Amino acid sequence: MDLVSESSPPPSNSKTPTTTTVNGGGGGGSNSLVVTVSSSSSSSSSPSSSRYENQKRRDWNTFCQYLRNHRPPLALNLCSGAHVLEFLHYLDQFGKTKVHNNNCPFFGLPNPPAPCPCPLRQAWGSLDALIGRLRAAYEENGGKPESNPFGARAVRIYLRDVRDFQAKARGVSYEKKRKRPKPKINNNGGATATAATTAS
């Protein structure tokens with residue numbers, strides 16, 4: 001598939017998804033597929049709800065278009081976790097995250113000192129957020145939770161493996177930072193401290 005166009009850079013102070021338009025799949029058709037993958041797994045601003053809904057709708061339309069361009073075309077009710085994995089592998093060609101191979105001298109270095117031929121992939125955080133939106137969209141469009149292909153065990157295992165490998169290859173950690181507990185305030189308005197007592 002040939003790359004046709006990319007969206008303009010996002011404005012400052014906001015994180016917008018990367019949108020890429022590519023020519024349709026085999027069969028000589030002229031269909032185009034708009035691939036939109038969010039560059040962030042979550043956002044914290046108040047308009048995030050509407051942005052999330054818009055992103056979810058675009059992701060759902062993209063996946064449905066992918067099924068229509070599939071050879072042979074694939075009905076949504078026949079979609080399985082294996083087809084979701086095909087979709088994720090397909091998206092990797094539009095990735096912008098350098099993921100070093102095991103034999104690369106920069107494997108495990110967060111800031112490589114020089115370029116290398118290792119491939120660009122979709123970042124784990126983007127794929128994880130994408131699957132979350134598609135899983136919700138599937139059920140909002142009439143799908144049953146128990147047959148949701150985006151919640152399939154194979155998809156969960158794949159995302160976990162991608163996270164673990166990218167963490168090692170890029171020398172980064174995806175572990176969530178624990179928030180420090182806030183100090184307790186006593187009646188006098190001061191913070192209480194835990195004192196150790198010793199037995200006399």
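Treat the numbers as computed from the prediction; the structure is a model and nothing was measured.
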Of all the heavy-atom pairs spanning [X] and [Y], show the shortest one and how long it is.
X: G132; Y: Y52; answer: O-OH, 4.3 Å
X: P115; Y: F106; answer: O-CE1, 3.7 Å
X: P149; Y: C79; answer: CB-O, 3.8 Å

With sequence neighbours excluded, residues passing side-chain hydrogen bond (donor to acceptor under 3.5 Å, both in side chains) with K98: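 Expected list: none.
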
Look only at the side chain of [X] and the backbone of [Y], and say whether a donor-acceptor pair between them is shorter than 3.5 Å.
X: Q166; Y: W124; result: yes
X: N148; Y: R135; result: yes
X: N141; Y: A137; result: yes
X: R71; Y: N69; result: yes
X: T62; Y: R58; result: yes
X: Q122; Y: L91; result: yes

Using the test side-chain contact (heavy atoms from CB on, under 4.5 Å), find all partners of [X] that sit at least two apart in sequence or belong to another chain.
X: E53; value: K56
X: P119; value: N101, R121
X: N102; value: F107, F165

D59 versus Q55, side-chain donor and acceptor atoms under 3.5 Å: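 On atom types as modelled, these side chains qualify, holding a pair under 3.5 Å.
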
Under a single-linkage rule joining Ile, Leu, Val, Met, Phe, Trp and Tyr whose side-chain heavy atoms are separated by less than 4.5 Å, which residues share a cluster with I157?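 Taking Ile, Leu, Val, Met, Phe, Trp and Tyr as members, I157 stands alone, with no cluster partners.
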
Salt bridge (Lys or Arg N to Asp or Glu O under 4.0 Å) partners of E139, counting only residues at least two apart: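 Salt bridge (Lys or Arg N to Asp or Glu O under 4.0 Å) check on E139 returns nothing, list empty.
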
Validation row: [X], [Y] side chains within 4.5 angstrom (heavy atoms):
X: L85; Y: V155; result: yes
X: P105; Y: L109; result: no
X: V162; Y: D128; result: no
X: V84; Y: I131; result: yes
X: S147; Y: Y138; result: yes

Walk me through it: do Y66 and L74 pass the test side chain to side chain contact (heavy atoms under 4.5 Å, CB included)? CA-CA 9 Å; Y66 173 81; L74 184 65; over 6 Å; no

Contacts of type ring-ring contact (aromatic ring centres under 6.0 Å, His included), residue F150, not counting sequence neighbours: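 If we apply the ring-ring contact (aromatic ring centres under 6.0 Å, His included) test to F150, skipping adjacent residues, the hits are F63.
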
Check the angle between the aromatic planes of Y90 and F94 and answer parallel, tilted or perpendicular using the 30° and 60° thresholds.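 Geometry flag for F94 against Y90: perpendicular rings.
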
Listed once per pair and sorted, the salt bridge (charged side-chain N to carboxylate O under 4.0 Å, His left out) pairs that draw on residues 143-161, sequence neighbours left out: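 Sorted result for residues 143-161: empty, none.
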
Residue pairs involving residues 77-89 (criterion side chain to side chain donor-acceptor pair (under 3.5 Å); sequence neighbours excluded):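 Every side chain to side chain donor-acceptor pair (under 3.5 Å) pair that includes a residue of residues 77-89, provided the two are not neighbours, is H70-E86, S80-H83.
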
